[in-house]
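See structure below.
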Protein chains: 4
Amino acid sequence: MARPKSDDRRNAILSAATRIIAIEGLSAATAAIAKEAGIPNGSLFTYFETKADLLNQLYVELKTEMAAAALERLPLASDIHTQMRHMWFHSLRWATSYPEKRRTLAHLAVSEDITPDSRQKGHQTMVGIAKLLEQSRQNGPMHDVPLALVAALMSAMADATIDFMTQDPAHADKHATAAFDAMWRMLT
Amino acid sequence: MARPKSDDRRNAILSAATRIIAIEGLSAATAAIAKEAGIPNGSLFTYFETKADLLNQLYVELKTEMAAAALERLPLASDIHTQMRHMWFHSLRWATSYPEKRRTLAHLAVSEDITPDSRQKGHQTMVGIAKLLEQSRQNGPMHDVPLALVAALMSAMADATIDFMTQDPAHADKHATAAFDAMWRMLT
Amino acid sequence: MARPKSDDRRNAILSAATRIIAIEGLSAATAAIAKEAGIPNGSLFTYFETKADLLNQLYVELKTEMAAAALERLPLASDIHTQMRHMWFHSLRWATSYPEKRRTLAHLAVSEDITPDSRQKGHQTMVGIAKLLEQSRQNGPMHDVPLALVAALMSAMADATIDFMTQDPAHADKHATAAFDAMWRMLT
Amino acid sequence: MARPKSDDRRNAILSAATRIIAIEGLSAATAAIAKEAGIPNGSLFTYFETKADLLNQLYVELKTEMAAAALERLPLASDIHTQMRHMWFHSLRWATSYPEKRRTLAHLAVSEDITPDSRQKGHQTMVGIAKLLEQSRQNGPMHDVPLALVAALMSAMADATIDFMTQDPAHADKHATAAFDAMWRMLT
DNA sequence: AATGAATGAGACTTCATTCAT
DNA sequence: TATGAATGAAGTCTCATTCAT
């Protein structure tokens, strides 16, 4: 290999895209992303064939990171309520700590450019969370509702909570707690 | 400036925009919308000063329609659980009956072009629903959580449910019921 | 109609394209053509949907003009040899009088962008010439060769002759005569 | 600079270029040619300084091959009519046997990138054919027409015939014969 | 008021060639 | 010498908005 493709550059592009899209939305120009990444115009296309390709890879990347953050240091020895609580707060902390990532992920999630395949990959990243959820609802009223629906409801609640926390950061923790309790009531 | 002559044309544009945006997203060209509406491209700007203006008006319109649909024929004489159930199913039916409207509304909701003022108006349309919600949570565990958070949670749950119903229409009613019950547990 | 599409502008574009393509070949930029035509960049696409569209229309236009020139003031009362001679010399005169048109037509003729439909239209313009040819070969050795092949041979000979005349204009007439006589021997 | 090491690679590039240009035209990317040749894109420029250089060498190569094919196994002992006939059919067979070579050669022949020097070399390859032609017309009506014009006429006729044979392969031989006879009438 | 042609900035992407490895 | 990533100018086409008619 002459000059290997640089992971640093790829990451610089992804990271620049996250920042720019958070501000400008999906109509952000590839040239703006390249500039923010400190690389020339055409080099972006060495790493991503098309803008849509960049968007899809960014989507999967951010989804993966979010899921990983949610399960970080999960207290496997504790009871399920504690584990869920841990997961809930870690998710919310990630989202409020990296508002650009979350905002960009929200943009990507509704984009026509994200392929079914990428959405599938995005789903895959959530299997760890799904397992927790499965245990949580085991003996509860939702035990025979499709797990995907339960997951979608929980995820939607988390999203709504994050929005609220972002708007009213002074009481972020209180909101997070109230929403978790609500979610737990839903499940059990 | 007096209102332009033809309300028909205005509505034709709004309706065309709903259809086109559902398919092409917010990057739909104004010329495409005009064509779908059967009017010359320049005439669109007689009715809406800018594309952003069109988008904002469409947002408010759709929000209003959705809220109205939710409260249609509300059984005011019945107990609150019955009323909420009614509202929930009417919301979901509207969304599944007019998938283009819902899809376009989802696009608009995340657009940078929608002004705070329009969002405010969108909120206003939901006061009827908020009142129901206020009553529902009155003696329950969420009685001192900000009503806006409760509303956001419910709304997010409804959205997630609609997505699910759309993907699996055969069991739409079952999903709607399961989700309503979940929401009611959250509240009470 | 607000402002009718201007035939002048369309012709200016076609004419500019002829000039530019003669010099730069088919890789001539649409921007260069627009500039030569004295119109802004984007306006070219008001008259021609794509560059390929412009190329196709130009092809048909030039073919038509060439065929018309060949048959101009055809001495219908004279014998067929005289008529053919007239046609031959008029064709060659047109080509040598408008070298840019001919050069551009030559470029277009081998372009991948010219559709079968345009080529068909190009052929149609030559039916008048084909009729002359039909008469000419009537009792000759080529009377049962496909007319299209005879036409292709004659046309190829004319082309080769034009090239030669252009390279050696001092003896243009002599070459034209020699080639006509050769062609006539072929036919009769 | 000594000739680069691998003639195989050079030939692989030339052959790949022939295939790709036949399909995509002269706008074929050097990277596409390299890929078709199974070599890295940068290596192409070890063998050819520029794309134009590659094109010029390919032009001369194909011209040479075509001329060689025309004169292969020429029956020197036979009379001139037989020799010409042989040459004519061999030319046509080569062109119909290697349609990609012929198509690419046609593209190259009209390219602005082919230098006068290359065209000159291309001409040189045809001296053998020219000699045949010289003999053929010796006592005929074209004996004092510039030989180059006669050659151009014959060559144009062959080209037109090949096109026709390609379009209607079922009667290829019949067309080839008819055209040869026509050409012979022109000459004698 | 209504029309639709006109505008030109800017979008994405390609590509011949160079050069670090 | 061989490689293939890097470059950035240039290409085609789109589009919201304006304005002559």
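In what follows, chains carry the letters A, B, and so on, assigned in the order in which the sequence lines appear, proteins first and then strands, with residues in each chain numbered from 1. These numbers were taken from a predicted model, which means no experiment stands behind them.
Atoms OG1 and CZ, from A:Thr166 and A:Arg103 in turn, are 10.0 Å apart once rounded to the nearest 0.5 Å.
Side-chain proximity of B:Thr46 to E:dA5, F:dT7, E:dT3: nearest is E:dT3.
Straight-line distance from the CD1 atom of B:Ile39 to the P atom of E:dA5: 15 Å, rounded to whole Å. One interatomic measurement links the two molecules: CG of A:Leu55 to P of E:dT13, which rounds to 10 Å at whole-angstrom precision. Between A:Asp7 atom CG and F:dA5 atom C1' there is a gap of 14 Å when expressed in whole angstrom units. In this structure, C:Asp113 places its CG atom 16 Å from P of F:dG11, rounding to the nearest Å. Distance A:Leu44 CG to E:dC12 C1': 10 Å, rounded to the nearest Å. Atom NZ in D:Lys35 sits roughly 18 Å away from atom C1' in E:dA16 (whole-Å rounding). Rounded to whole angstrom, the span from the CD atom of A:Glu24 across to the C1' atom of E:dA11 amounts to 13 Å. One can place CZ of A:Arg10 at 20 Å from P of F:dG4, the figure rounded to the nearest angstrom.
The side-chain hydrogen bond (donor to acceptor under 3.5 Å, both in side chains) check on D:Arg9 picks up nothing, with sequence neighbours excluded. The side chain to side chain contact (heavy atoms under 4.5 Å, CB included) check on C:Arg102 picks up C:Ala95, C:Asp159, C:Ile162, C:Asp163, with sequence neighbours excluded.
Remark: D:Arg9 is not in phosphate contact with F:dT1, judged by side-chain N or O atoms under 4.0 Å from OP1 or OP2. An OP1 or OP2 oxygen of E:dA2 is reached within less than 4.0 angstrom by no side-chain nitrogen or oxygen of B:Ser43. Distances shown here put every side-chain N or O of B:Tyr47 at or beyond 4.0 Å from the OP1 or OP2 atom of E:dA1.
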Just distance, no hydrogens or angles: give the donor-acceptor pairs under 3.5 Å from side chains in residues 23-35 of chain B, sequence neighbours left out.
none

Validation: residues 42-49 of chain A side-chain donor-acceptor distances under 3.5 Å, sequence neighbours left out:
from, atom 1, to, atom 2, distance (Å)
A:Thr46, OG1, A:Ser43, O, 3.4
A:Tyr47, OH, A:Ser6, N, 3.0

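The pair D:Lys101-D:Glu61 does not count as a salt bridge, with every side-chain nitrogen at least 4.0 angstrom from each carboxylate oxygen.
Among the heavy atoms of the strands, none lies under 4.0 Å from C:Phe48.
Between B:Thr115 and B:Arg119, the side chains place no donor N or O within less than 3.5 Å of an acceptor N or O (distance only, hydrogens not considered).
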DNA chain E in dot-bracket form (Watson-Crick or G-U pairs under 3.5 Å, [ ] crossing, | inter-strand) is .||||||||||||||||||||

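Contact check for A:Lys121 versus A:Lys63: no side-chain heavy atoms found under the 4.5 Å cut-off.
Put simply, the side chain of D:Thr125 gets close to the backbone of D:Gly122: a donor and an acceptor are under 3.5 Å apart.
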Could you run down nucleotides 13-20 of chain F 5' to 3' and tag each one B, S or - for protein heavy-atom contact under 4.0 Å?
-> BBSBB-BB

